Amino acid sequence: MRLGYPCINLSLSCRSSTTFRLSSFSAERFRSTVSANLQCLSETLAWNSASGVLFFRITSGLIPFASHPVNSLGWQDEFRKEFRHIGSFIRENRMRVSMHPDQFVVLNAKNEGIVERSTAELLYHSDVLDLLGTGSEAKVQIHLGGVYGDKAASIGRFTERAEALPRRVLKRLVIENDERLYSLMDCLAVHEKTGLPVVLDTLHHACNNNRESMREAILLAGKTWRRQDGPPIIDFSTQEKGRRLGTHAQTIDLRHFRTFLSQVPDPGDRGPDIMLEIKDKDRSALKALRLVMALSKTGKTSRRHP
DNA sequence: GGAAGTCAAGTCTCG
DNA sequence: CGAGACTTGACTTCC
């Protein structure tokens, strides 16, 4: 079981998602920004490795305007060496990376233009993971999209569009339950049709479910992952008190995390990888890591930890 | 130099 | 139908 956090390390001063306004776009600006972002990604992964954090979500902002028509630069070729270098580090340290395109990627949209832009964005995410030389265990995680007043039809469109994607995108694609529209059950139904693995988001599941217990949910989602997909991914978060339902906690609630761990059937070497969606990022990741280490020492998880 | 305004992209809800 | 939430930073302009 590896632990991770998304996109930004708050202990470092660099950001791998620095960008600029579309109106400021120039080849110059683009190159210097990408170069700095890759450098920061490299530093972040080095920090992670040294800290024992072996799972990381790479920001979608790594290559600004990657899928935008304004950008006709062959960034894939231009930065091939840098990507390969970072990729080697990931492999050598047995780390796992993933990506999570944001809300603008809606595969089941009714508007074809949106579907085209979404597809281009998915290709960009796949490019990054391909250039790093990662295998199909490095995932690109999306939600099912909108409902448009007819969930069955919308799920149907998602399935069609997903199946039409290029293989190199499809082999990385995974679907995640959301807090309002599509529950774990809905995702499992899409899995039945498409074979896409399901990422369980624990906070979304608590908000939007069909009465499955957390233990049951973990098992059901876990079964959708094949060997070539790597260990199942689970997004863990706690509700921030006094805020809208679904708001991520500012810092990790270790009691809650420990309860969650007790519901994971097989933590240890072969267990799921856990992405901690907590606002203070690396700080909570370290706290969680220390807890897992302590538990494994006292034998309170079911398996030995490396 | 600091403050205020703005940013590629989508969907849903509310007024 | 249009604005705001979602969620947040930081880029950019303005003074």
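So that the names make sense, note that chain A is the first sequence line, chain B the second, and so on, each numbered from 1. This is a predicted model, so every value here is computed, not measured.
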message = Quick check on A:Lys223: does its NZ atom have over 12 non-hydrogen neighbours (other residues, nucleotides or ligands) under 6.0 Å away?
response = no
Sugar-phosphate only, base, or nothing, as touched by [X] at under 4.0 Å among non-hydrogen atoms:
| X | answer |
| --- | --- |
| A:Val147 | sugar-phosphate |
| A:Tyr148 | sugar-phosphate |
| A:Thr19 | sugar-phosphate |

query = When the P atoms of C:dA3 and B:dC7 are considered, how many whole Å apart are they?
reply = 14 Å
query = How far does the C1' atom of C:dC6 sit from the matching atom of B:dA4, given to the nearest Å?
reply = 22 Å
According to a strict under-4.0 Å criterion, is [X] in side-chain N/O contact with OP1 or OP2 of [N]?
| X | N | value |
| --- | --- | --- |
| A:Lys279 | C:dT8 | yes |
| A:Arg117 | B:dG10 | yes |
| A:Thr247 | C:dT7 | yes |
| A:Ser24 | C:dT12 | yes |
| A:Arg21 | B:dT6 | no |
| A:Arg29 | C:dT12 | yes |

query = In terms of side-chain geometry, is the basic nitrogen of A:Glu160 or A:Lys193 positioned less than 4.0 Å from the acidic oxygen of its partner?
reply = no
task = With the side chain counted from C-beta on, respond yes when A:Val174 and A:Asp229 share a heavy-atom pair under 4.5 Å apart, and no when they do not.
result = no
request  = Begin from the C-alpha positions of A:Phe20 and A:Phe30 and carry the test ring pair (Phe, Tyr, Trp, His ring centres under 6.0 Å) through to its verdict.
outcome  = CA-CA 9 Å; A:Phe20 46 84; A:Phe30 176 76; 7.1 Å; no
What's the closest nucleotide to the [X] side chain, out of [options]?
| X | options | answer |
| --- | --- | --- |
| A:Phe65 | B:dA8, C:dA10, C:dC11 | B:dA8 |
| A:Thr18 | B:dT11, B:dA8, C:dC11 | C:dC11 |
| A:Val106 | C:dC11, B:dG10, C:dA10 | B:dG10 |

query = Between A:Phe104 and B:dG10, do the rings stack, that is, sit under 5.5 Å apart with planes less than 30° off each other?
reply = no
key: Whether A:His143 and A:His100 hold their rings parallel, tilted or perpendicular, with breakpoints at 30° and 60°   = tilted
